[in-house]
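Numbers here are sequence positions counted from 1. In this text, all values refer to a predicted model and were calculated from it rather than measured experimentally.
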Amino acid sequence: MKQANGHELNEPPNAALDSAFFRLLQSSYEHFLGSPLVPPGTGASWLYREARFAVLAANTESDPRFVYANRVAQQCFEYSWTEFTSLRACFSAEPADRAERQAFLDTVTRDGFATGYRGLRTARSGRRFWIEQATVWQLVDDAGLCQGQAALVRGWRNA
């Protein structure tokens, strides 16, 4: 299957449907936001394939790398799963916008989550677009250890 931009949308790798990672996304979101990330009765497959909002997640490396991007995120940013999961998270924003992005992420680190983010991003093709209505939260495991940060983006439009 092809995206509108001509990039292939292959079947997701096992990591995209990993039930343990999905539980981490879901439980952390519910902990910090007080509501479920996905509708009752759905799960990892629905979030990856059918959600109408973008979800991305990055790990805790000193220069974090994306470890998850659902199909909507892949379409929005024009990267395949393989390309996304090899991308450093800071490269989702242009150099001039990285300080603002980092300040927002620092708030997330301090408070556990933040909502209402709007920021300029660049797709693989160079197309610039605004992400809007973004919520970012810490991914905290059962032991209370931070495993990264995730973002839910409900809106976007070309710049």
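At least one donor-acceptor pair under 3.5 Å links the side chain of E78 to the backbone N or O of S125. N70 places a side-chain N or O within donor-acceptor distance of the main-chain N or O of F53, the cut-off being under 3.5 Å.
Considering only heavy atoms from C-beta on, L24 comes within 4.5 Å of D141 through its side chain. Side-chain contact between F66 and E83: absent, with no pair of heavy atoms (C-beta onward) separated by less than 4.5 Å. Using a 4.5 Å heavy-atom threshold, the side chains of V72 and W156 count as touching. Annotation: side chain of L17 is not in contact with side chain of F22 (no heavy-atom distance under 4.5 Å). V67 is listed as a side-chain neighbour of R65, based on a closest heavy-atom distance under 4.5 Å. Considering only heavy atoms from C-beta on, E100 comes within 4.5 Å of Y117 through its side chain.
Contact detail for C76 and A123: the closest heavy-atom pair is O-CB, 3.9 Å. In terms of heavy-atom proximity, A69 sits nearest to Y48 at O-CE1, 3.5 Å. The two atoms that bring R127 and Q75 nearest to each other are NH2-O, 4.3 Å, heavy atoms only. P36 and Q26 make their closest contact through CB-NE2, 3.6 Å (heavy atoms, listed as atom of the first residue, atom of the second, distance).
With rounding to the nearest 0.5 Å, the separation of CZ in F77 from CZ in F91 is 14.0 Å. Taking CZ from F104 and OG1 from T115, the interatomic distance works out to 7.0 Å, rounded to the nearest 0.5 Å. With rounding to the nearest 0.5 Å, the separation of CD1 in I131 from CG in L120 is 9.0 Å. The CG atom of L139 sits 10.0 Å away from atom OG1 of T60, with the distance rounded to the nearest 0.5 Å. Atoms CD and CG, from Q147 and L25 in turn, are 11.5 Å apart once rounded to the nearest 0.5 Å. Once rounded to the nearest 0.5 Å, the distance linking OG1 of T85 with OH of Y79 reads 12.5 Å.
The ring pair (Phe, Tyr, Trp, His ring centres under 6.0 Å) search around Y68 returns F21, W81, not counting sequence neighbours.
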Query raised in the report: Step by step, would you call L152 with W137 a side chain to side chain contact (heavy atoms under 4.5 Å, CB included)?
Result: CA-CA 9 Å; L152 181 153; W137 70 100; 3.8 Å; yes

Requested in this report: Using the side-chain hydrogen bond (donor to acceptor under 3.5 Å, both in side chains) rule, take S27 and R23 through it: C-alpha gap first, then chi angles, then the decisive distance, then the call.
Outcome: CA-CA 6 Å; S27 65; R23 281 192 305 279; over 6 Å; no

**Report entry** side chain to side chain contact (heavy atoms under 4.5 Å, CB included) evaluation trace for F84 with R124
**Finding:** CA-CA 10 Å; F84 234 123; R124 184 174 186 250; over 6 Å; no

Report task. Run the numbers on F32 and T135 for side chain to side chain contact (heavy atoms under 4.5 Å, CB included), then give the verdict. Result -> CA-CA 11 Å; F32 288 113; T135 298; over 6 Å; no

**Report entry** Q138 and H31: CA distance, side-chain angles, deciding distance, side chain to side chain contact (heavy atoms under 4.5 Å, CB included) verdict
**Finding:** CA-CA 10 Å; Q138 296 281 89; H31 170 78; over 6 Å; no

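Residues L37 and W46 fall within the same hydrophobic cluster, defined by Ile, Leu, Val, Met, Phe, Trp and Tyr side chains chained together at heavy-atom separations under 4.5 Å.
More than 12 non-hydrogen atoms from other residues, nucleotides or ligands lie less than 6.0 angstrom from CG of D63.
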